[in-house]
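Keep in mind it's a predicted model, so treat the numbers as computed, not measured. In each ligand, atom 1 is the first atom listed, and ligand 1 is the first ligand listed.
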Amino acid sequence: MSTDSDAEPDPQAAADVETETPPATDTNPEPSVPDTGEESHQERRLREKGQRATAREEQAADAAAEDVETVEILVYRYDPEVEGKTTPRFDAFHVPLEEGMTVLDALIYARDEFDSSLTFRHSCRQGVCGSDALFVNGSQRLGCQTQISDLDVPVQIEPLPHQEVVKDLVVDMQHFYEQMDAVEPYFDPDEEPEDALDEQRQTRENREKIKLSTRCIQCGACTSSCNVAAGDNQYLGPAAINKAYRFVMDNREGEDRRKERLEIVEQEHGVWRCQTQFSCTEVCPKDIPLTEHIQELKREAIKEDIKFW
Ligand code: FES
């Protein structure tokens, strides 16, 4: 009696079997957690944060293995709008050190290579715009003008003190600008020239007199360093008073306008608040003799016999 196993194989039947599509198999038939395929914002943020931390560690390890010289920067971090970041902290970044590297360069490297959420202001990168004033190793400085090689390490970078922090190294400058506005910082002569295109010429001596005061880039370093401004929110502050000086001393404006300007700086929260601590002068990145200018305005006010507080 013959059986199926004894039968001669039919080549056509075998070919038919080989060309049949095998039934689809489910490699993951019953996931234990339903997968919606979506990642919440919080999950994504935490995942990216973990990835960034890992990347930082790997890069630091690579740099150490390759014997690349790095500098450690400790950067103030704070974000009032993100859960888990509302408590200020410092993040450490190991940045490859290059000749001529500034604090701003190091921050840009850290942001671009390690943590794109790191937030700070900058623009010109050459000490002109004044947007990157920071508190570096305990002193107000422009990030773009401060060489890393001149600093003790680790380099600690914080936002300007006495200002409300918006995020990380960004502070709210609104009040600072309001104080600048309060001194009416624009050229406003008693008499306009007959022709709008006529030059209003200034003597060389008078130009020299106000030259240093015109260097101000409104970075806010001076006001941030001032203990009086820290304790008196209404104090005009060194930057605004310096701006007033620039116009009070400009003899093209005329006597009437000069008196009005002196009355502004003579107010209760004006020049008489200055205690000549010189901190503003010390930190000014443009070397403006701010304290001297404030004292000179005090003298001018007395000469004009205006009341003082
Ligand atoms: Fe403009 Fe530093 S970036 S002053």
Side-chain angles (χ1 to χ4, degrees), residues 71 73-78 90-91 93 95-181 183 185 210-226 229 237-243 245-246 279-291 293:
V71 62
I73 58 172
L74 298 172
V75 185
Y76 180 95
R77 306 301 304 276
Y78 168 71
F90 283 91
D91 278 355
F93 300 97
V95 176
L97 188 59
E98 289 178 11
E99 194 179 348
M101 176 176 257
T102 64
V103 168
L104 180 60
D105 293 333
L107 284 172
I108 290 172
Y109 187 95
R111 181 196 62 196
D112 292 351
E113 300 297 326
F114 301 135
D115 187 346
S116 59
S117 71
L118 177 58
T119 306
F120 49 94
R121 288 193 182 106
H122 68 94
S123 181
C124 69
R125 301 180 69 171
Q126 52 189 324
V128 174
C129 73
S131 60
D132 65 335
L134 299 162
F135 196 57
V136 182
N137 281 6
S139 183
Q140 286 82 357
R141 311 169 196 248
L142 288 183
C144 65
Q145 280 197 328
T146 306
Q147 292 284 311
I148 288 279
S149 56
D150 290 342
L151 301 170
D152 292 337
V153 289
V155 179
Q156 187 159 308
I157 308 170
E158 299 170 73
L160 286 180
H162 309 135
Q163 321 265 25
E164 188 183 341
V165 178
V166 178
K167 185 185 175 194
D168 293 342
L169 301 173
V170 174
V171 295
D172 185 352
M173 298 289 284
Q174 183 63 32
H175 182 64
F176 175 81
Y177 295 137
E178 285 170 0
Q179 300 298 73
M180 296 296 285
D181 279 348
V183 299
I210 66 169
K211 185 171 82 175
L212 294 179
S213 66
T214 64
R215 286 183 179 175
C216 179
I217 55 175
Q218 302 187 32
C219 64
C222 57
T223 301
S224 167
S225 76
C226 176
I241 295 175
N242 175 70
K243 184 61 81 176
Y245 176 96
R246 181 252 173 274
S279 58
C280 54
T281 302
E282 277 175 22
V283 301
C284 177
K286 292 298 180 185
D287 297 327
I288 303 171
L290 294 155
T291 313
H293 288 174

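The minimum heavy-atom distance between Arg215 and Lys286, with the atom names listed, is NH1-O, 2.9 Å. The minimum heavy-atom distance between Ile148 and Ala106, with the atom names listed, is CD1-CB, 4.1 Å.
Each of Tyr76, Tyr78, Phe135 was scored for a side-chain contact (heavy atoms from CB on, under 4.5 Å) with Leu169, with one residue passing: Tyr76.
Checking side-chain atoms of Asp168 against main-chain N and O of Arg77 turns up no donor-acceptor pair under 3.5 Å. Listed for the Ser213 side chain is a donor-acceptor partner under 3.5 Å among the backbone atoms of Ile210.
Put simply, Cys144 gets within reach of atom 2 (Fe) of ligand 1, with an N, O or S atom under 2.8 Å from it. With 2.8 Å as the limit, Cys124 counts as an N, O or S neighbour of atom 1 (Fe) of ligand 1.
When non-hydrogen atoms are compared, ligand 1 lies under 4.0 Å from the backbone of Cys129 as well as from its side chain. Proximity of Val128 to ligand 1, defined as any heavy-atom pair under 4.0 Å, is confined to the backbone N, CA, C and O atoms.
Looking at Asp132, its N, O or S atom nearest to atom 2 (Fe) of ligand 1 turns out to be OD1.
Looking from atom 4 (S) of ligand 1 to the surrounding protein, the closest heavy atom is Gly130 N, 3.1 Å. Looking only at protein heavy atoms, the nearest one to atom 3 (S) of ligand 1 is Arg125 N, 3.2 Å.
Below 4.0 Å from some heavy atom of Gly127 lie the following atoms of ligand 1, by number and element: 4 (S). Each of the following atoms of ligand 1 lies closer than 4.0 Å to a heavy atom of Ser123: 3 (S).
For the residue pair Gln140/Ser224, the side-chain donor-acceptor check at 3.5 Å is satisfied.
The closest approach between Gly143 and ligand 1 stays at or above 4.0 Å for every heavy atom of the residue.
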Asp132/Arg125 under salt bridge (charged side-chain N to carboxylate O under 4.0 Å, His left out): CA gap, chis, key distance, verdict: CA-CA 8 Å; Asp132 65 335; Arg125 301 180 69 171; over 6 Å; no
